[in-house]
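The next block holds one structure in the form of structure tokens; read it before the comments.
When reading the values below, keep in mind they use all heavy atoms of this one structure, side chains included, and skip hydrogens, waters and symmetry mates. Each chain gets a letter, A, B and so on, in the order the sequences are listed, and its residues count up from 1.
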Protein chains: 2
Amino acid sequence: MARRNDHTKEEIREMIVSSGLNLIKNSGFSGFSTRQIAKEIGYTIGTLYNVFDNYDDIVLHINATTLDDMGKFIEEGLNPKLKNANAIKQLAKLYIDFAHKNRNSWSALFEYNIPPESDLPEWYNQRIEKLFSIVESLLSEFINKKSEALKHAKVIWASIHGICVLSLTQKLNVAGTASVEILTDSLIENYLRGLEK
Amino acid sequence: MARRNDHTKEEIREMIVSSGLNLIKNSGFSGFSTRQIAKEIGYTIGTLYNVFDNYDDIVLHINATTLDDMGKFIEEGLNPKLKNANAIKQLAKLYIDFAHKNRNSWSALFEYNIPPESDLPEWYNQRIEKLFSIVESLLSEFINKKSEALKHAKVIWASIHGICVLSLTQKLNVAGTASVEILTDSLIENYLRGLEK
DNA sequence: ACCTGAACACCGTTCAAGT
DNA sequence: ACCTGAACACCGTTCAAGT
């Protein structure tokens, strides 16, 4: 024991994050703990706090992985032939699909909140920004007033998220991804039609 | 000790819920625990589990109180003279104001999620339903197809929520309630204009 | 330098025992 | 009948001590 040197510091960090993500995927965020991670990767609890600052630091890195996975899922799923409203609708569908297929890790994104006095670290904000830029670029293609494209991107993205989050957490009396899509479709159709006028 | 009979079972339940709500308001959901409640109300931990099923049962009752408070806040704030889009905009403003003024208890509504295998209890769903009915009745006044009013109410309500949640948790790069209102106003204007067409 | 594991101050939950 | 509080199986976090 001690001084095993089986893995580099960076390898241990990766083991922690990937094992933590698996724990969340299998048992939900409430069934997740750093002690469980330690048990699974075969290091003791002390080692986790050797390579990460604290619990929040670990959760944030796990959630960042989920954000990356979501970005990849959306980018790969987008059909470049679709235009305008249809492109946004597909974006919404991909968001819903990802959330549905990765319910536990997606939920963890919102079940965990940093204490209100502290701010999200810069590297984490950049991961969010990156996701967001996908929506923005889809919208900017067909919005006349370019200066307002960012505002509309925010409205649409946040609204899709709101519909998705309330549906999947059973706060809208809506069942199944098909009926969630009816709501996001209605949002997109009417909002964009309103913009055209 | 034992058999104090200082309070009825119902009184103890109320003490637990109101003390728990205060804990959340002052320290956030993460600074909340049933043991803290016990300490604050002057009963031992065992008593809490005498009058409530478990942790989830307690949190759900605290959150239901917040839902009720929100309903009251919105109903009292609504100006009955406002019509159509202006009425919905005011609804959004009231939602944002409530969330902003009661950030911790409002956050707790979403930071806590029942385990995915179980369902929300019926009495809790009814509290959500009651809140909805406010939005629904505001909308039904000027929607032609009455049969679709519920769908649109869900879309608008969930979208307002989405804008609010991503703004207040700093995931939209938006600061201050004023700029959140710009987004909800844009949502409502365009969605309703889209409906009219 | 790397890693351990005991120690500390917390959790939610149960239930035999006291009045 | 009502309430207690010890007991259990967990937490996150720290840090002296081992190799």
_Output the rounded distance in Å from CG (B/Asp53) to P (C/dC15)._
14 Å
*Which part of the nucleic acid does B/Ile12 contact within heavy-atom distance under 4.0 Å: base, sugar-phosphate only, or nothing?*
sugar-phosphate
*Atom CG of B/Leu48 to atom C1' of D/dT4: distance rounded to whole Å?*
12 Å
*Taking the six-membered ring where the residue is Trp, are the ring centres of B/Tyr124 and B/His61 under 6.0 Å apart?*
no
*Distance, rounded to the nearest Å, where B/Ile41 contributes CD1 and D/dC3 contributes C1'*: 12 Å
_Rounding to an integer number of Å, can you tell me how far A/Lys9 NZ sits from C/dC3 C1'?_
13 Å
*Does a salt bridge link A/Glu148 with A/Lys151, judged by any charged N lying under 4.0 Å from a carboxylate O?*
yes
_Contact list for DNA chain C against residues 14-22 of chain B - heavy-atom distance below 4.0 Å_ = none
*asked:* Please confirm whether the ring centroid of B/Phe73 lies under 6.0 Å from the ring centroid of B/Phe98.
replied: yes
*Ion pair present between A/Lys93 and A/Asp97, side-chain N to carboxylate O less than 4.0 angstrom?*
yes
*Main-chain N/O of B/Ile182 paired with B/Ser186 side-chain donor or acceptor, under 3.5 Å*: no
*For A/Asn5 and D/dG18, give me the distance from atom CG to atom C1', rounded to whole Å.*
15 Å
*What integer distance in Å separates A/Asp57:CG from D/dT13:C1'?*
14 Å
*Within the side chain of B/Glu11, is there an N or O that forms a donor-acceptor pair under 3.5 Å with the backbone of B/Thr8?*
yes
*asked:* Between B/Val17 and B/Ile37, is there a side-chain heavy-atom distance shorter than 4.5 Å?
replied: no
_B/Arg4 side-chain N/O to C/dT19 phosphate OP1/OP2 under 4.0 Å_ = no
*Should the pair A/Arg193 and B/Tyr191 be classed as cation-pi, given the thresholds of under 6.0 Å to the six-membered ring centre and 45° from the axis?*
no
*Dot-bracket for DNA chain C, 5' to 3', with Watson-Crick and G-U pairs under 3.5 Å, [ ] for crossing pairs and | for other-strand pairs: what is it?*
||.|||||...|||||.||
*Nucleotide by nucleotide, 5' to 3', does protein get under 4.0 Å of the base (B), only the sugar-phosphate (S), or neither (-) in nucleotides 7-12 of chain C, counting heavy atoms?*
B---BB
*Answer yes if the ring centres of B/Tyr95 and B/His100 are under 6.0 angstrom apart, and no otherwise.*
no
*asked:* If you define the side chain from C-beta out and look only at heavy atoms, does anything of B/Asn113 sit under 4.5 Å from B/Asp56?
replied: no
_Under a 4.0 Å threshold between the charged nitrogen and the carboxylate oxygen, would A/Glu181 count as salt-bridged to A/Lys89?_
no
